[in-house]
Amino acid sequence: MSLGFTGFDYDRASAIREDEVKLAALRQEPSSKTYLLFKDEIFIKDNNPLFKINEEGVFLGLFAGQARFATALTEKEASELKTYGYLTNDLRSLAVQNIMDEAHLAALASAKSLFHWHNTHKYCGSCGGETRMKKAGFQRDCPKCEAQHFPRTDPVVIMLPVKGDMCLMGRQARFPQGTYSALAGFMEPGESVEMAVKREIQEEVGIETGDVKLILNQPWPFPASLMLGCMAQATSQTLNIDYLELEDARWFSKEDCHMMLAKTHPQGFIAPPPLAIAHHLIKAFLDDK
Ligand SMILES: [Zn+2]
């Protein structure tokens, strides 16, 4: 399984966002379809998440030349649809179960993060005035002070400190039993990826690190992050765990990691599933990347 939400790239066709005539024509086009979302729920009928177009949808882009929109339903609309036999599932479950086309997962990841931004930016951060959606969903303008607002993506560093044939992983109390994962934290203003990786490792487990390498990255629509997956060469080994952040952290050998990925570790330790970037970081460590 490929890294979650990265298995399909589509044409975001950003020029169309500003073209009202083209957008109106696309809304009339029979091959144009929309996804329907209400908060974390994604609507599905007969295993299909695509529905007839409506007037309100934001424009996601072109999928093999066909326009795809996404519509945020009101609570009333959502409960009405359910009475007509529409089912719902959340995006994380759909991705973990691996039962939906990668193109749908990519589109729904965009839609979910975008709607989170709309819901939290109804008012202008500069003057408090009510903002209005523009550019088919990719901008909000404030008519009062003329500020323009753009969708946010929040970068998160997620990293494995490594030392020789050992790597360090931690667990938070909320993780499923036995699961250990890469350390992670939000980047702070003014930080480079390397600075954030070193700081987070120091804060969470008290380890000093040297070289940091960006290995892979992943959009993570819970609600709107970009995960920057790194490997960091540890220069110290003794742990000083921040128990407010972590329930535990420990060093694992490559043999441990193989067994954790295969779910055969004798102590019941488990690695995160393939949907998550941490799974692929552990594999990269085993492949000496
Ligand atoms: Zn304003």
Side-chain angles (χ1 to χ4, degrees), residues 5 9-28 32-43 51 53-63 67-80 90-92 106-157 184-193 195-196 199-200 217-228:
F5 310 111
D9 196 11
Y10 58 92
D11 179 5
R12 289 171 178 254
S14 57
I16 295 178
R17 294 172 193 164
E18 298 178 59
D19 188 339
E20 292 296 333
V21 176
K22 178 82 178 163
L23 274 173
L26 283 175
R27 287 186 202 277
Q28 298 300 319
S32 297
K33 295 278 190 285
T34 192
Y35 297 94
L36 300 176
L37 294 88
F38 173 65
K39 294 186 177 168
D40 285 339
E41 295 178 298
I42 291 152
F43 281 72
F51 298 93
I53 210 81
N54 54 38
E55 284 304 306
E56 296 88 46
V58 301
F59 175 65
L60 297 177
L62 300 173
F63 288 66
R68 295 287 176 260
F69 292 78
T71 307
L73 300 169
T74 63
E75 190 165 3
K76 187 165 170 277
E77 290 167 335
S79 55
E80 265 178 28
D90 68 277
L91 185 54
R92 194 188 297 257
L108 288 164
S110 289
K112 189 173 177 299
S113 294
L114 198 54
F115 287 143
H116 170 76
W117 175 71
H118 283 295
N119 286 337
T120 52
H121 289 76
K122 288 176 180 163
Y123 298 94
C124 176
S126 299
C127 77
E130 248 183 87
T131 57
R132 288 185 195 152
M133 188 171 95
K134 294 280 173 185
K135 294 197 179 166
F138 282 80
Q139 189 173 320
R140 292 189 77 88
D141 286 355
C142 173
K144 203 169 150 193
C145 77
E146 296 185 346
Q148 296 179 324
H149 302 279
F150 301 95
R152 285 186 56 97
T153 296
D154 298 322
V156 172
V157 284
F186 282 103
M187 288 186 65
E188 294 189 350
E191 275 185 324
S192 68
V193 172
M195 288 173 192
R199 174 184 56 75
E200 281 288 341
N217 67 92
Q218 173 191 33
W220 190 246
F222 308 103
S225 288
L226 172 67
M227 308 300 279
L228 301 161

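One-based numbering, in listed order, for ligands and for the atoms of each.
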In terms of relative ring orientation, are Y10 and F63 parallel, tilted or perpendicular, with 30° and 60° separating the classes? parallel

Under the rule for salt bridge (charged side-chain N to carboxylate O under 4.0 Å, His left out), what residues qualify as partners of R152, not counting sequence neighbours? D154

With sequence neighbours excluded, tell me which residues meet salt bridge (charged side-chain N to carboxylate O under 4.0 Å, His left out) with E191. R199

So, leaving waters aside, the tally of protein N/O/S atoms less than 2.8 Å from the Zn ion (ligand 1) stands at 4

Measure the acute angle between the ring planes of W220 and F222, then classify it against the limits of 30° and 60° as parallel, tilted or perpendicular. perpendicular

Pairwise salt bridge (Lys or Arg N to Asp or Glu O under 4.0 Å) hits with a residue in residues 110-126, at least two apart: D40-K112

Where S110 and R12 come nearest, the two heavy atoms and their spacing: OG-NH2, 3.1 Å

